[in-house]
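Let me begin by presenting the structure, written as structure tokens, before commenting on it.
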Amino acid sequence: MSARYVYGVVHADRAQEAEAILSEVTGLKGGTLDLLKVETLAAVISPSDGAPVVQTRRHMLAHTRVLEALCADLTVLPMRFGVIAEDEASLRDRLVQHRGRLEAALHTYAGLVEFGLSMSFPREAAFAAMVRDDPSFAARHAQLAALGHEAHFERIEFGRRVAEALDHRRKAAERMAVKALRSVCQDIRVLTPEADTQVLRAALLVPADAELGPALEAAAASTSFAPGAEAEISLVGPAPVYHFISLSLDLEAETMAAE
């Protein structure tokens, strides 16, 4: 019996459309893609030698390429990277066992996609706004400059205070941006920022036909992090709902925690 690499789960009644899409895509290690249909469900699979799949960039891209091709036209529940079923019989048993849960998830995420969002502001504008709101920072900076090298430890403490104040402002801006985006998002997963001027890094769960442009502009304008400065916005997607549901080999659908 041959092992199978598992990419995700779709509706069995959309199998013909899924097969047409999969015929244009190659799977992990160039494997031929297929569907294992079990009642109302269909698992997207390709052959596997049963060995663990190393999490390289090439393998990750192959995994996501399959799911993203499907999600352009179908609802797909993404499997975690690296899931291998011992054989089709064991995978079939799991699908039957968790059919109700998977059907409910397919219904919940029908017509929805994920976008990755990054919203940042120029550092100079962010610091200028912070100083305008609290002139004591400018006064203290001038005092330390006048003291010269003797103020080494004072400068370290001042830097800590500045970093804390900026982070406090960033978190407030994050809350305002999330609030503004709630009107167009079914759900939002806030992720750990990659910079102290990145006011929002998040996964957005939205209808596939949602118009996000105006909502993103409103979200950026709702913050007071750097008034008058233009936000640097990056939006990546649409993609499968990676940050909102994950399937493992036992096919337990679970909501993923924010990073």
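Remember, it's a predicted structure, so these values are computed and weren't measured experimentally. Along the sequence shown, residues are numbered consecutively beginning with 1. FYI, side chains are in, hydrogens and waters are out, and symmetry mates aren't considered; it's all heavy atoms of this structure.
- To the nearest 0.5 Å, atom OG1 of residue T223 and atom CZ of residue F121 are 4.0 Å apart.
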- Message: One pair to check against side chain to side chain contact (heavy atoms under 4.5 Å, CB included): V190 and E174. What are the steps and the verdict?
- Response: CA-CA 9 Å; V190 176; E174 178 183 87; 3.5 Å; yes

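- The same ILVMFWY cluster, assembled from side-chain heavy atoms under 4.5 Å apart, contains both L212 and L181.
- Side-chain contact between P240 and E68: present, with at least one pair of heavy atoms (C-beta onward) separated by less than 4.5 Å.
- The same ILVMFWY cluster, assembled from side-chain heavy atoms under 4.5 Å apart, contains both V113 and I233.
- To the nearest 0.5 Å, the span separating CZ on R201 from CE on M119 amounts to 14.5 Å.
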- Message: Run L77 and I245 through side chain to side chain contact (heavy atoms under 4.5 Å, CB included) and show every step you take.
- Response: CA-CA 7 Å; L77 303 179; I245 189 170; 4.3 Å; yes

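- The side-chain heavy atoms of L205 and C185, taken from C-beta on, include no pair separated by under 4.5 Å.
- Ring-plane geometry between F81 and H63 is classed as perpendicular, the angle between the planes exceeding 60 degrees on a 0 to 90 degree scale with a lower cut at 30.
- A 4.5 Å side-chain heavy-atom check between L117 and I188 finds every atom pair outside the cut-off.
- Follow the hydrophobic side-chain contacts under 4.5 Å out from M176 and you never reach L200; the two are in separate clusters.
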- Message: side chain to side chain contact (heavy atoms under 4.5 Å, CB included) for L35 and E19? Distances and angles first, verdict last.
- Response: CA-CA 7 Å; L35 292 177; E19 286 167 347; 3.7 Å; yes

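- Residues L33 and Y7 form a side-chain contact, since some pair of their non-hydrogen atoms from C-beta on lies under 4.5 Å apart.
- Rounding to the nearest 0.5 angstrom, the gap separating the CD atom in Q198 from the OG atom in S234 is 9.0 Å.
- In summary, D167 and R169 do not engage in a salt bridge, as defined by a charged side-chain N under 4.0 Å from a carboxylate O.
- Shown here for A220 and A231, the closest heavy-atom pair between the two residues is CB-CB, 3.7 Å.
- In this structure, CD1 in I84 is found 7.5 Å from OH in Y5, a value given to the nearest 0.5 Å.
- Shortest non-hydrogen contact noted between V6 and L91 is CG2-CD2, 4.0 Å.
- Between P122 and A229, the closest heavy-atom pair is CD-CB, 4.1 Å.
- Using a 4.5 Å cut-off on side-chain heavy atoms (C-beta onward), P193 and R170 make contact.
- At a cut-off of 3.5 Å, with distance as the only test, no side-chain donor of E232 or S120 sits close to an acceptor on the other residue.
- Between R182 and V178 there is a side-chain heavy-atom pair separated by less than 4.5 Å.
- Nearest heavy-atom pair across Y109 and T75 is O-CG2, 3.7 Å.
- Rounded to the nearest 0.5 Å, atoms CG (L36) and CD1 (I45) are 5.0 Å apart.
- Pairs engaging residues 3-18 under the salt bridge (Lys or Arg N to Asp or Glu O under 4.0 Å) rule: R4-E88, R14-E17 [sequence neighbours left out].
- Separation of the Y242 and F244 ring centroids does not fall under the 6.0 Å cut-off.
- A18 and V10 make their closest contact through CB-CG2, 4.5 Å (heavy atoms, listed as atom of the first residue, atom of the second, distance).
- Minimum heavy-atom separation, L112 to T108: CD1-O, 3.5 Å.
- Proximity of a side-chain donor or acceptor of E211 to a complementary backbone N or O of G213 within less than 3.5 Å is detected.
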- Check step by step if side chain to side chain contact (heavy atoms under 4.5 Å, CB included) holds for V44 and L22. CA-CA 9 Å; V44 182; L22 296 176; 3.9 Å; yes

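- Distance alone, capped at 3.5 Å, is enough to place a donor-acceptor pair between the E114 side chain and the H243 backbone.
- Cluster annotation: L102 and V96 are assigned to the same hydrophobic cluster (Ile/Leu/Val/Met/Phe/Trp/Tyr, side-chain heavy-atom contacts under 4.5 Å, transitive).
- Rounded to the nearest 0.5 angstrom, F115 CZ and L204 CG are separated by 8.5 Å.
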- Task: Output, in order, the C-alpha distance, side-chain angles, deciding distance and verdict of side chain to side chain donor-acceptor pair (under 3.5 Å) for D87 and S90.
- Result: CA-CA 6 Å; D87 51 43; S90 63; 3.2 Å; yes

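- Looking only at side-chain heavy atoms (C-beta outward), L247 and V83 stay at 4.5 Å or farther from each other.
- In the hydrophobic cluster analysis, where Ile, Leu, Val, Met, Phe, Trp and Tyr join through side-chain heavy atoms closer than 4.5 angstrom, L61 is grouped apart from L28.
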